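Worksheet: the structure to be examined is printed underneath.
Worth saying up front: this structure is predicted, and the values here are computed from it rather than measured. First the proteins, then the strands, lettered A, B, ... as listed; each starts at 1.
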Amino acid sequence: MSDGKLIGTVVDEIAFDVERGKIWEFARATFTTDPVHTDADAARAAGFDDLPATPTHVVVVGHWRDQRAFVDRLGLALERVVVGSVRWQYLRPLRAGDSLRAVRRVVGDERRDGKRGGSMRVVTLETEYVDATGAPVVRQRDVLIERGKSA
Amino acid sequence: MSHPVRARQPIRAAVGDTHPAREIGPLTQTDIVRFAGAGGDFNPLHHDPEFVRSSGFPGVISMGQLQAGMLAGWLSDWLGVEHLREFEVRFVAPVFLGDVLRLSGEIVAVDGPGPASAAAPVTESVAEIALSVRRGDDTVVRASAKAVVASS
């Protein structure tokens, strides 16, 4: 299933809130030290009205996703899939109290020749995170690579 | 009584500028489990040695998003999270328990300055940053970013 028919497919759509405790947890887990993520006074002094989230915070949406259903839907063999690259574009910083909706779509699906023969499938997903006013705040693009069986 | 709060200004930066590298590790199972709990990635490849044995990997591997989050955090600690415009990571090699990682980066380009205004009293430009996560001599993550900086 890599003839491009999946392009445009909405993989999943998830609503979640940006929360103080999760910002703190994520900052600690990623060794991020700027106190604006953990200290309300430091955040206010820097001009934020609540704790700002760290740059890759939106990946916490993984808590609500069903990864098994998603790879099945795309017809991918999980054991042969690796993430090649991820890109985030920031339209504004996220902060505690934001309510987001994440819509993930297939934007690319193609076969490419592998470097050592065989072919691989490259699936590109784009997730748009939209705030409560409907404005996009973050865009994320994931490139997934499914190695060929023989590679 | 509330006082108007002055937002942080972008830092002054030029091509060639760097920030002290951050060393993390040796990476422990606890580091990985803490990130699993924070981010919600419960793939057993990252915490279950029995499952890992059946998968063919030589040992538990870290999630790419842990390295991505560490590097993005190092970058935002330097330039300010509100000034980031783009961050892109390429995963070059897997990371294992016990690995010592070194995060670093450098400003490789600065766009021509935009006009100063009342809203932006310093002259703001967009900088491009090249970053990496290394394990000894090996690069495990390559990354690039764009951020607003002040330039003269």
Side-chain angles (χ1 to χ4, degrees), chain A residues 14 16 21-37 42-49 51-65 67-68 78-95 138-145, chain B residues 2-9 22-25 31-43 45 54-56 63-92 94 101 103 141-148:
Chain A
I14 288 161
F16 68 105
K22 187 53 80 179
I23 290 171
W24 185 93
E25 257 186 87
F26 203 86
R28 181 168 184 212
T30 56
F31 298 79
T32 306
T33 58
D34 188 341
V36 295
H37 304 297
R44 266 192 298 275
F48 297 102
D49 51 15
L51 303 184
T54 51
T56 63
H57 184 87
V58 288
V59 306
V60 306
V61 74
H63 278 288
W64 291 273
R65 277 183 176 152
Q67 294 294 19
R68 174 62 64 181
L78 186 58
E79 67 281 5
R80 287 189 278 120
V81 174
V82 294
V83 180
S85 66
V86 185
R87 183 187 72 192
W88 291 269
Q89 291 175 311
Y90 305 107
L91 296 123
R92 72 160 170 84
L94 299 178
R95 52 191 183 260
V138 177
R139 288 195 185 95
Q140 179 178 339
R141 192 193 62 185
D142 292 81
V143 178
L144 309 182
I145 299 163
Chain B
S2 71
H3 299 273
V5 175
R6 188 177 171 78
R8 290 195 290 197
Q9 296 298 314
R22 176 172 291 163
E23 194 168 280
I24 295 174
D31 295 329
I32 290 175
V33 168
R34 179 173 285 126
F35 184 76
D41 180 349
F42 295 103
N43 183 330
L45 271 181
S54 72
S55 75
M63 41 291 255
Q65 286 291 2
L66 174 51
Q67 289 87 261
M70 288 171 174
L71 189 58
W74 176 82
L75 178 66
S76 62
D77 284 349
W78 174 16
L79 298 177
V81 67
E82 67 275 37
H83 302 307
L84 296 192
R85 293 295 174 268
E86 195 171 302
F87 180 71
E88 178 165 18
V89 286
R90 283 168 209 284
F91 301 108
V92 181
L101 304 175
L103 285 45
V141 173
R142 244 188 281 280
S144 60
K146 289 181 182 165
V148 173

Exercise for the section: Measure the CZ-CD distance between F35(B) and E25(A) for me, rounded to the nearest 0.5 Å. Expected result: 11.0 Å
Problem - Engaged part of A53(A) at the chain B interface, taking heavy atoms whose separation is under 4.5 Å - result: backbone
Problem - Max heavy-atom pair count under 4.5 Å with chain A, selected residue of G73(B), G37(B), A38(B) - result: A38(B)
Handout entry: Close side-chain approach of V81(B) to F48(A), heavy-atom, < 4.5 Å
Key = yes
Practice task
First locate atom CG of L75(B), then atom OG1 of T54(A), and finally report the distance between them rounded to the nearest 0.5 Å.
Solution key: 12.0 Å
Handout entry: For the student: nearest non-hydrogen atoms of A72(B) and P55(A), plus distance
Key = O-CG, 3.5 Å
Exercise for the section: Using a 4.5 Å cut-off on heavy atoms from C-beta on, say whether the side chain of V89(B) contacts that of W88(A). Expected result: yes
Exercise for the section: To the nearest 0.5 Å, tell me how far D31(B) CG sits from T30(A) OG1. Expected result: 11.5 Å
Practice task
Go through the atoms of R141(A) and report whether side chain, backbone, both or neither lie under 4.5 Å from a heavy atom of chain B.
Solution key: side chain
Problem - Residue pair Q65(B) / V86(A), side-chain heavy-atom distance below 4.5 Å - result: yes
Exercise for the section: Using a cut-off of 6.0 Å, state whether more than 12 heavy atoms not belonging to R90(B) lie near its atom CZ. Expected result: no
Fill in the blank from the handout: Here the pair of heavy atoms bringing A68(B) nearest to T56(A) is O-CG2, 4.2 Å
Practice task
Can you establish whether the number of heavy atoms outside R65(A) located under 6.0 Å from its atom CZ is more than 12?
Solution key: yes
Exercise for the section: Go through K146(B), R22(B), R142(B) and name the one with the most non-hydrogen pairs under 4.5 angstrom from chain A. Expected result: R22(B)
Exercise for the section: Measure distances from H37(A) to the heavy atoms of chain B and classify the residue's part below 4.5 Å as side chain, backbone, both or neither. Expected result: side chain
Problem - Sub-4.5 Å side-chain heavy-atom contact between H83(B) and Y90(A) - result: no
Exercise for the section: Before giving the answer on side-chain contact (heavy atoms from CB on, under 4.5 Å), spell out for Q140(A) and F87(B) the whole-Å C-alpha distance, their side-chain angles and the decisive distance to 0.1 Å. Expected result: CA-CA 10 Å; Q140(A) 179 178 339; F87(B) 180 71; over 6 Å; no
Practice task
Tell me, for I24(B) versus chain A, whether the close heavy atoms (under 4.5 Å) come from the side chain, the backbone, both or neither.
Solution key: side chain
Handout entry: Heavy-atom contact with chain A under 4.5 Å, split by part of A36(B)
Key = backbone
Practice task
For the residue pair E82(B) and V36(A), establish whether any side-chain heavy-atom pair is separated by less than 4.5 Å.
Solution key: no
Completion exercise
Residues G39(B) and F26(A): closest non-hydrogen pair is CA-CE1, 4.1 Å
Problem - Heavy-atom proximity to chain B below 4.5 Å, by part of P93(A) - result: side chain
Handout entry: Spatial distance of atom CG (D41(B)) from atom NE2 (H63(A)) [nearest 0.5 Å]
Key = 9.5 Å
